[in-house]
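Below is one structure, written out as structure tokens; the observations come after it.
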Amino acid sequence: VYLSGNGAPRDIARAGPLLEAACVGGRRDACGWAASVFGSGQGGAPDLPRSERMMTRGCELGAGDVCYMKASFLLSGGAGPERVAEGVQLLPRACELNVAAACSDLAVELAQGQSIPKDEPRARQLANRACRGGDGNGCMVLGIMQTNGVGGPVDRQGAAASFRRTLELEPDRADARAALSAVGQE
């Protein structure tokens with residue numbers, strides 16, 4: 001109510017602690033909102049440790065979007081460069097909770113093998129999962145892997161389908177348009 005101003009005057013400073021209490025009490029949908037309020041400083045000064053506690057609780061409660069929020073926060077260096085690896089470690093959990101973008105990010109990490117052991121076949125499976133889940137970047141990654149035979153055989157028709165799907169999801173992606181042209185399937 002205080003967050004949206006629907007039924008009461010909008011009061012972000014008051015909404016934050018109420019969302020926090022709901023999150024701690026087991027309302028996983030409140031955890032992401034609380035993390036956003038505290039992380040952005042809406043209603044007061046930013047409180048990143050408090051925001052991170054809300055993200056952790058949301059992930060514990062099975063909120064995939066909140067797990068991914070925390071992974072992204074850590075991967076961006078928001079908690080310091082020494083904690084970036086923790087973000088990579090959260091990607092599988094967020095992917096298991098059906099966050100397509102997390103599956104896509106994990107596919108890239110597995111294909112590169114810099115932060116975690118390289119596993120190209122698994123990376124290709126995850127890129128496929130991300131693409132099926134509606135993540136344009138996942139489709140792009142899958143198409144590149146299919147074009148180059150990474151994690152499986154070269155599949156130019158599959159790559160063309162992946163690049164087309166990227167364009168369905170993200171019509172303005174010039175890289176997908178160029179990739180589709182390069183595989184001769186435009």
Side-chain angles (χ1 to χ4, degrees), residues 1-112 114-117 119 122-123 125-142 166 169-170:
V1 172
Y2 294 112
L3 186 61
S4 67
N6 188 10
R10 189 165 196 254
D11 187 347
I12 303 287
R14 193 166 179 188
L18 293 172
L19 290 165
E20 179 179 34
C23 174
V24 170
R27 293 280 314 266
R28 67 183 181 187
D29 58 325
C31 297
W33 287 107
S36 293
V37 167
F38 296 129
S40 66
Q42 297 176 51
D47 188 343
L48 296 181
R50 197 172 185 186
S51 176
E52 188 177 351
R53 284 193 302 276
M54 296 299 95
M55 289 185 266
T56 299
R57 179 67 175 145
C59 194
E60 289 168 353
L61 292 170
D65 58 333
V66 181
C67 275
Y68 185 58
M69 179 190 289
K70 182 172 181 182
S72 297
F73 169 71
L74 293 170
L75 287 167
S76 73
E82 68 281 357
R83 297 199 48 215
V84 169
E86 287 178 54
V88 174
Q89 298 305 315
L90 279 174
L91 290 174
R93 173 80 171 133
C95 181
E96 289 166 11
L97 292 169
N98 298 314
V99 177
C103 298
S104 177
D105 289 355
L106 182 57
V108 170
E109 293 290 338
L110 286 166
Q112 292 175 343
Q114 294 174 354
S115 303
I116 53 178
D119 185 344
R122 179 78 177 127
Q125 290 172 349
L126 288 168
N128 187 28
R129 179 177 176 177
C131 185
R132 286 192 329 263
D135 182 70
N137 194 55
C139 297
M140 188 70 193
V141 170
L142 177 60
T166 302
L169 296 166
E170 301 178 29

Using every non-hydrogen atom in the two residues, find where A79 and L74 come nearest and quote the distance to one decimal. CB-CD2, 3.6 Å
L126 and A107: which non-hydrogen atoms are nearest, and at how many Å? CB-CB, 4.0 Å
Output for pair (Q125 CD, L110 CG), nearest 0.5 Å, gives 10.0 Å
Stepwise side chain to side chain contact (heavy atoms under 4.5 Å, CB included) check, R57 with V66: CA-CA 9 Å; R57 179 67 175 145; V66 181; over 6 Å; no
Can you find a pair of side-chain heavy atoms, one from R83 and one from E52, that are under 4.5 Å apart? yes
How about F38 and L19: do any of their side-chain heavy atoms sit closer than 4.5 Å? no
Taking the side chain as everything from C-beta on, heavy atoms only, tell me whether R53 gets closer than 4.5 Å to V24. no
Report the C-alpha separation of L97 and Y68 in whole Å, then their side-chain angles, then the decisive distance to 0.1 Å, and conclude whether the side chain to side chain contact (heavy atoms under 4.5 Å, CB included) test is met. CA-CA 9 Å; L97 292 169; Y68 185 58; over 6 Å; no
Show the nearest heavy-atom pair for residues M69 and S36, with the distance to one decimal. CE-OG, 3.8 Å
CA sep, side-chain torsions, deciding dist, call: L106, I116, side chain to side chain contact (heavy atoms under 4.5 Å, CB included): CA-CA 9 Å; L106 182 57; I116 53 178; 3.8 Å; yes
Using a 4.5 Å cut-off on heavy atoms from C-beta on, say whether the side chain of E170 contacts that of C139. no
Do C59 and K70 touch side chain to side chain, with heavy atoms closer than 4.5 Å? no
Using 0.5 Å steps for rounding, measure from the CG atom of L91 to the OG atom of S115. 9.5 Å
Do the non-hydrogen side-chain atoms of D135 and L169 ever get within less than 4.5 Å of each other? no
Are P49 and D47 packed together at the side-chain level, in the sense that at least one heavy-atom pair is separated by less than 4.5 angstrom? yes
Might you point out which heavy atoms bring L61 and C23 nearest each other, and give the distance in Å? CD1-O, 3.7 Å
Heavy atoms of V37 and G16 approach each other most closely as CG1-CA, 3.9 Å
Can you confirm whether R129 sits close enough to N98 that some side-chain heavy atom of one is under 4.5 Å from a side-chain heavy atom of the other? yes
Can any side-chain N or O of S104 pair as donor or acceptor with the backbone N or O of A130 at less than 3.5 Å? no
Just checking R50: does its CZ atom have more than 12 heavy atoms from other residues, nucleotides or ligands closer to it than 6.0 angstrom? yes
When every non-hydrogen atom of A35 is compared with those of M55, the smallest separation belongs to CB-CG, 3.6 Å
